[in-house]
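Written out below as structure tokens is the structure these notes cover.
Every chain is numbered from 1 and lettered A, B, ... according to where its sequence line falls, protein lines coming before strand lines. Computed from heavy atoms alone, side chains included, the values below leave out hydrogens, waters and symmetry copies.
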Amino acid sequence: MSIGWALVGVLVIAGLGALGAVATGSRGRALVAGVSTAGVGVFGVLAGVSALGGEAFSKTIPQLLPLSEVTVTVDALSGLFCALIGGVAVIAGLYNIGYSDGHGSRTGQSLLPLFVAAMILVPAAGNVTTFLVLWEVMALVSLMLVLAEHRLRPSVRDAGVWYAAMTHAGLVAILLGLVLFASKAGGESFTALRDADLSTTTRSVIFVLVFVGFGSKAGMVPLHVWLPRAHPEAPSPVSALMSAAMVKLGLYGVLRVGLDLLGGGPRWWWLLVLVAGGVSALFGVLQASVAVDLKRLLGYSTTENMGLILLGVGAGGMFAADGNRTLGSLLIAAGLLHALNHAGFKTLLFLGAGSVLRATGLRDLDRLGGLVSRMPATTALFGVGALAAAALPPGNGFVSEWLLLQGLIHGLPGADAVVAVAMPLAVGVVALTAGLGVATFVKAFGTGFLARPRSEEAAGAKESPRTMRFAMLVAAAVCAGLAISPASLGPALTRVLEALPTVRDGSPLEGGVTLRLTGIAGSISPVLILAGLFVAGLLVVVLVRRGLPRRESLVWGCGGTRLDPRMEYTATSFAEPLTRVFDDVLRPEHDVDVTHHAESQYLIESVRYRQRVDDRVEAALYPPVLAAGNKLGAVLSRLQNGSVHRYLALGLGGLIVVLVVVGLTA
Amino acid sequence: MTQLLYLICGGLLLSSVMVLWRRELSAIVRLLVVQGVLLGALALVLAGRLDSVELVVVAIGVVALKAVLVPRILRRVLRDGNEARETEPLVNVTASIVAAAFLILLAYAASRPLVRLSPSAETQAVPVGLAMVLLGFFVLVTRRRALSQIVGFLLLDNGIAATAFLITGGVPGIVELAVSLDVLLVVLVLQVLTARLRTTFGGTDIDELRELHD
């Protein structure tokens, strides 16, 4: 199918779906919204796959936007992101049918297909105005979706305010950057921007501006503060869409503007990207490892993974700027592959968390537990996602992180001082992130799903309906496919890299069963790893069965015979060693309340212990900014005294000032 | 023909300044009628200069709307109320005339680059349109009565229309139609607002609205 018709399909189905969801009553609404969202996703995947197959599409519709025109251009880079977003949307749409059945709000359900359509069209934009309009539509619709459950929890409002402020600050940065770019280039179509001849200073200003904007969308530290608030508070299919798909558009923006439109640029740009990515990865995984709210944990994990992706892109851009295209293309391919993998497992994990939330009403890991016997399918599927997110073989996250490490390690020989310092540090960051990632997901899976339930809600959990399980199964299958056969994506990734003129260099990944890296010595065979693990597991089971007689007895309980759920490891206690090790970074707040007996202060009635780990970056950077904003607001509100004449006088005054300036300067 | 054009523009400017000078609200409405007719005449003159039939139609529309329909609505507002005069403007009449002189100067100064761009007879007259916009804005800022607000708004709109005629020989017909409908709608809305003000506050001093401030 041609890309143009697929995009028309995206628009038509999104429109029909939104209208349909508005028109239907509460019973069929989730079905209409879910099916149309999945339909929009299918067309997104079709458009993306056509583009990845080598088809290109370009169309200009004049006079649709005032003072500009709508330009749609799809190349392989756009195609990758269209396909990624479409894929996530198919799964989230199917899941929504069961998840929101009977209680989805009219606004929330009808906006779902529109949100997906906006996201799919953002990478298809072919000029600055189209891009910015779609970007803003996406931001606004996602904001309304975050606020969908505002009647249920007051914290939703707070998350919405943070998200609105941050996404618009990001938009302002992108707007400034791209408008500056377009004005200096003398045209706003991406072709004109590509051919523009600008000074290095202008290019650098543009790059830093758009990187700040796109970085905030990608959840980059220190602009990540909205992410661990908004993603948890949104309804779970929306969380999956935002965390797996929307943040990737930040990556798209960096690649499109940095590597394509600006054509590479000096090395320090990419060093900046690399450092920002590394800091985000470390900070994200640290916060995730101590988080107790399951969805917040997943949100921080998104910051971590986007950090790893940016780290790969930054390192790739650095090598490409140095002229080493082999490594450049390999690292960027690793980043893109990780983006795909992250989209797969983060969808699965957020949907799993949504199932838990729906069954128990809880996101607090400390109060969950024991779901393995109550929700076996959800547990197994969440386990698959956790394995992938922990970057352990045979999960799909492992392959891309391995690629990333390969690229970083092979950059060392013959490197100059900057690379020689940056690369080992980056390897260290990736290694530490991977290690903490394992701890994070062992915690999430172990304390959330295994052992005995620690609350009545968890004890009364029931398995999710079939459509939800099916959607998660699809996500798990996608993860498995990505894990087993990453090499099959080689040709597609090659085409994507061809869209980036400064890193274009043959195909970085080849092979069928074994994934071979071209240019450097390195190969990996996920299938053989899987087979090896399977055989080893089989051997262990067989040997243990044969060697020892089975005996059933109680777990040793320190002499006590009755084991209580309160003796279990909770998420907080599991993370306690990590909290201690990283005490200087995390600065947890401890509260110990000791209540003494009324008769004697030597006897203690009760002890309460509370621990809170706040986001330190947020606590350090944001209060001064907020205070300054409040002060400015208080001053400006004095201008507003309710007199219509004063408002009109302000308008006239402004007009006169403009005219005087024009008259004097002309 | 050029002389006629300048005469019409002079008439437009004079009528705008006289809106500031007169306090009798019924006289101000009469001035608006004059201005509507002059605007129609301007369109007709331009139609002759540019050989455009469309402009003739526009001219008829302008006269019908601005010289007949809108003044009729305004007279009805006047008849319903008991405020025949703009009693205490925020800036008194003498000061208003001085300010108007400055605004007109500013308009001429600011539109110099435009005139220089293509120094034809029409563009020479563009500052008049800009001056009308500024004067209309000035009326909005300094006059208290709700009816004066409508007048200020209409003055502003006339200025925009005059500028559009002089620069481009009128905007496309569909835009002209839309703008005219907007003007009519705004006048109707303001008429309703005036009536509400009168029932709520007993007068139509729009500064009373300050009480609605939170």
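With a 4.5 Å cut-off on non-hydrogen atoms, B/Leu106 touches chain A through its side chain but not through its backbone. Heavy atoms closer than 4.5 Å to chain A are found in both the backbone and the side chain of B/Phe138. Residue contact with chain B, scored on non-hydrogen atoms closer than 4.5 Å, is absent for A/Leu650.
Residue-environment remark: OH (B/Tyr6) exceeds the threshold of 12 foreign heavy atoms within 6.0 Å. Residue-environment remark: CZ (B/Arg72) stays at or below the threshold of 12 foreign heavy atoms within 6.0 Å. The environment of A/Asp197 atom CG is sparse: at most 12 non-hydrogen atoms of other residues, nucleotides or ligands sit within 6.0 angstrom. The environment of CZ in A/Arg194 is crowded: more than 12 heavy-atom neighbours from other residues, nucleotides or ligands sit within 6.0 Å.
For the pair B/Leu140 and A/Leu652, the minimum side-chain heavy-atom distance is 4.5 Å or more.
Partners of A/His645 according to the side chain to side chain contact (heavy atoms under 4.5 Å, CB included) rule, which considers only residues two or more places apart in sequence or in another chain, are A/Ser643, B/Leu90, B/Arg144, B/Gln149, B/Ile206, B/Asp207. Qualifying side chain to side chain contact (heavy atoms under 4.5 Å, CB included) partners for A/Thr71, counting only residues two or more places apart in sequence or in other chains: A/Thr60, A/Glu69, A/Thr73, A/Asn127.
Nearest approach of B/Phe137 to A/Leu655, heavy atoms of both residues: CD1-CD2, 3.9 Å. Of all heavy-atom pairs between B/Ala110 and A/Val662, the closest is O-CG1, 4.1 Å.
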Donor-acceptor pairs under 3.5 angstrom involving side-chain atoms of residues 151-162 of chain B: please list them, not counting sequence neighbours.
residue  : atom : partner : partner atom : Å
B/Asp157 : OD2  : B/Lys66 : NZ           : 2.8
B/Asn158 : OD1  : B/Lys66 : NZ           : 3.4
B/Asn158 : ND2  : B/Gln35 : OE1          : 2.9

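Of residues 126-135 of chain B, those residues with a non-hydrogen atom less than 4.5 Å from any non-hydrogen atom of chain A are, in numerical order, B/Leu130, B/Leu134.
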